[in-house]
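Let me begin by presenting the structure, written as structure tokens, before commenting on it.
Every value quoted in this text rests on a predicted model; they were computed, and no experiment measured them.
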Amino acid sequence: MIQIYRYLTMLFLITLLPLAGFAPAPAHAAAQSSQIDAVLVLDVSQSMSTSDPGGIGNEAMKMFIDMLSEKGDQVGIVSYTDQIQREKALLEISSDADKTNLKQFIDQLKRGAYTDIAVGVKEAVQILNDGADPDHEPLIIVLADGNNDFNSKSGRTQADSDADMAAALKEATSKGYPVYTIGLNADGKLNKAALESVSQQTGGKSFSTNTAADLPQILSEIFASHLQLNVVPVDSFTADGNFQDVKITVPNSNVLEANISIMSSKQVEARLIDPSGNKIAIPSDQVLLSTSKTYSLMKLLKPEEGDWTLQVKGADRDKIDINLIFNYDLALEMDKLPSSSYSKGDSIPINAYLVSGGNKLSDQEQYRNMKAVLYVNDLDTGTTEEVQLNNAGDHFEGTYKVADKHDYELKVRAEEASFYRETAVVKISAKGGASAGTGTGTAAESDKPFPLIPVIIGALVLIALLAAAFFIMRYLKQARRGFVGQMVIEIRDENTGDKTFPQYKKLNAFRGKFSLHQLLQLAPELKETEKLIFVPGNSDRLVLRNGTPCTVEKSGRAVDASGGLEVKSGERLTIPLQQIDKTIFIEYIV
């Protein structure tokens, strides 16, 4: 009976163990296009003067424009106070002169009194309605402090603004316009909740920072996120007044563009040497160059695969940060499933592959360092199961066994160091069919009397099932518990001492448990954090279970979290990683 109980328990745990959920894909899926329609929305009220006295916000927006493709993308600009100050409809970029036009427009923006963020968002939605290309990926980026300040003579109220904002966000959500918000908090007056709400409702992301100097990095993250790319940190160093070498690796021949951003407080000189050892002129037909008072950006067009050498000369003791963002004309598609209706226990074959220019990619070199995961979202329980897929060289393959009589959403995510791609979401239902493997006995068998021993055995099995069900229901009650509050995460590079800007991760989307790796957006280089598991505790607390060799520090002391460590609101944890020279700082806030 003990063996039966163990078997039943394991069976239920395997089929019902919930993992973290994922949000449904927006109407526009970035994997389908590498062209962008972006509207940049800037709060130009006087209050922003204290948050960004150096105008770095404008510089960051200009760098975002420079990172866009050489041709094809569209950009619109809105500057607002409590009314629209200036705006530019979507302009298609067809030359470097178009980018210069947009950047000069930003340079000419003036400050004004009062603030009403709904005015800016509403106008941005209208600009996309008027000119967005249906084959492009739309997005809105809002740079603000989240606070409104109405002119008393106008009669405008917070209720009026809230109503306009709700209508604008509803329309943005229905049309697949994600809104990314960036909050500046230099004066400590940031309305973070308001900005986070705007992003969450539309499928965008919200960022906040205490220093405008972080804005170029944030804009890089938004650019990369929207095109399903990864920002590749290349190097950070202190300039010594001489040319210093930095290696830039172009991983394969499918790279359309390589954006090398060099951020510094003073302008730098740069030289570039290709993998064959040839010096490449900057600028040239192969390399575009954009410069500003806070950044230099080089765009390598169809760069040769291999190791390039970037030589950078900066002012003595000036801190230099270099990031790399590749752009690929690649999408990820999944073979059509045999059916949309299944029974519990059915096995569904999964095949996914990369597509370039509408054709299936056969370049095995592109696949070589990639991993793929099938995400199965149980729509009845709100939980998600992850199924690792096999890399077959020129595609990804695997199977999913239907766990229960529920409705599901399936999608595949494939990733390597410089980019990731996700398929469109596919919905299936297992509510219409009977459980796999069920059947009825023959007529002859049904006429036979029931022997006593099988009856006794059946009763024992029934008791075991009831006992298992009791314990399983207790487990499920715990496993389906939700979370409250949020995590504040920072990552320090121990080689340079640099620390990322704080990332605020809300926890209410998770059920039962989640891993630190999930909070870190499944970054491949941080894979060792996938066995750092959080589960709900009592009284709005968390319990951390450490299944890694990493040391967990609390209040400056190493603690044993292998059996479970309770974390209260306001407590901070420090986790030095073992496989790479990075340290993760976590604060739990309710």
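- Between Asp274 and Gln286, the side chains place no donor N or O within less than 3.5 Å of an acceptor N or O (distance only, hydrogens not considered).
- When only modelled atom types and interatomic distance are considered, Tyr408 and Asp380 share no side-chain donor-acceptor pair under 3.5 Å.
- Residues Val39 and Val75 have side chains not in contact (no heavy-atom distance under 4.5 Å, counting atoms from C-beta outward).
- In this structure, the side chains of Leu542 and Met487 come closer than 4.5 Å at one or more pairs of heavy atoms.
- Under 4.0 Å is where a charged nitrogen must lie from a carboxylate oxygen, and between Asp98 and Lys71 no such pair does.
- Across every non-hydrogen atom of Gly176 and Pro178, the tightest pair is O-CD, 3.1 Å.
- Remark: Lys506 engages Glu196 in a salt bridge, criterion side-chain N to carboxylate O under 4.0 Å.
- Two residues are said to be in side-chain contact when any heavy atoms from C-beta on lie closer than 4.5 Å; Thr249 and Trp308 fail this criterion.
- Using modelled atom types, one side-chain atom of Asp73 and one backbone atom of Ile36 make a donor-acceptor pair closer than 3.5 Å.
- A donor-acceptor contact closer than 3.5 angstrom links the side chains of Asn254 and Asp363.
- Proximity of Lys513 to Phe534: side-chain heavy atoms (C-beta onward) are nowhere separated by under 4.5 Å.
- Of all heavy-atom pairs between Ser339 and Ile428, the closest is O-CG2, 4.4 Å.
- Put simply, the side chain of Asn323 never gets that close to the backbone of Ile260: no donor and acceptor are under 3.5 Å apart.
- By the 4.5 Å heavy-atom criterion applied to side chains, Val125 and Leu169 are not counted as neighbours.
- Geometrically, Lys205 does not engage Tyr180 in a cation-pi contact defined by less than 6.0 Å to the ring centre and at most 45° from the axis.
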query: Please walk me through it: do Lys431 and Asp407 pass salt bridge (charged side-chain N to carboxylate O under 4.0 Å, His left out)?
result: CA-CA 7 Å; Lys431 290 184 175 179; Asp407 290 331; 3.5 Å; yes

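- Side-chain contact between Leu532 and Leu544 is present, with heavy atoms from C-beta onward closer than 4.5 Å.
- Interatomic distance, CE of Met67 versus CG of Leu297, reported as 7.0 Å (0.5 Å rounding).
- Contact of the Leu229 side chain with the Arg421 side chain is registered, since non-hydrogen atoms from C-beta on lie closer than 4.5 Å.
- Minimum heavy-atom separation, Thr399 to Val387: O-CG1, 3.8 Å.
- Here the straight-line distance linking atom OH of Tyr588 with atom CZ of Phe483 works out to 8.5 Å at 0.5 Å rounding.
- Under the 3.5 Å distance criterion, with hydrogens and angles disregarded, no donor-acceptor pair is assigned to the side chains of Ser341 and Ser429.
- Looking at Ile491 and Leu520, their side chains come closer than 4.5 Å, going by heavy atoms from C-beta outward.
- When all heavy atoms are compared, the tightest approach of Ser220 to Ile325 is O-CD1, 3.6 Å.
- Judged purely by distance below 3.5 Å, without hydrogens or angles, the side chains of Asn546 and Ser562 never pair a donor atom with an acceptor atom.
- For the atom pair CG (Leu324) and CD1 (Ile248), the distance works out to 5.5 Å, reported to the nearest 0.5 Å.
- By the 6.0 Å and 45° rule, Arg413 stacks over the aromatic ring of Tyr420.
- Annotation for Pro251 and Ser418: closest pair CG-OG, 4.3 Å, computed over non-hydrogen atoms.
- Using a 3.5 Å distance cut-off with no hydrogens or angles, the side chains of Glu397 and Asn390 do not pair a donor with an acceptor.
- Gln35 and Asp135 form no side-chain donor-acceptor contact under 3.5 Å, judged by distance and modelled atom types alone.
- A donor-acceptor pair is defined here as one N or O able to donate and one able to accept, closer than 3.5 Å; such a pair exists between the side chain of Asn391 and the backbone of Met370.
- Judged by distance alone, the side chain of Glu365 and the main-chain N or O of Asn252 form no donor-acceptor pair under 3.5 Å.
- Side-chain atoms of Ser199 come within 3.5 Å of backbone atoms of Val179 as a donor-acceptor pair (strictly under, hydrogens ignored).
- Here the closest non-hydrogen pair linking Lys299 and Lys99 is CE-NZ, 3.8 Å.
- Ring geometry for Phe64 against Phe223 counts as perpendicular: the plane angle is over 60°, on a 0 to 90° scale with 30° as the lower cut.
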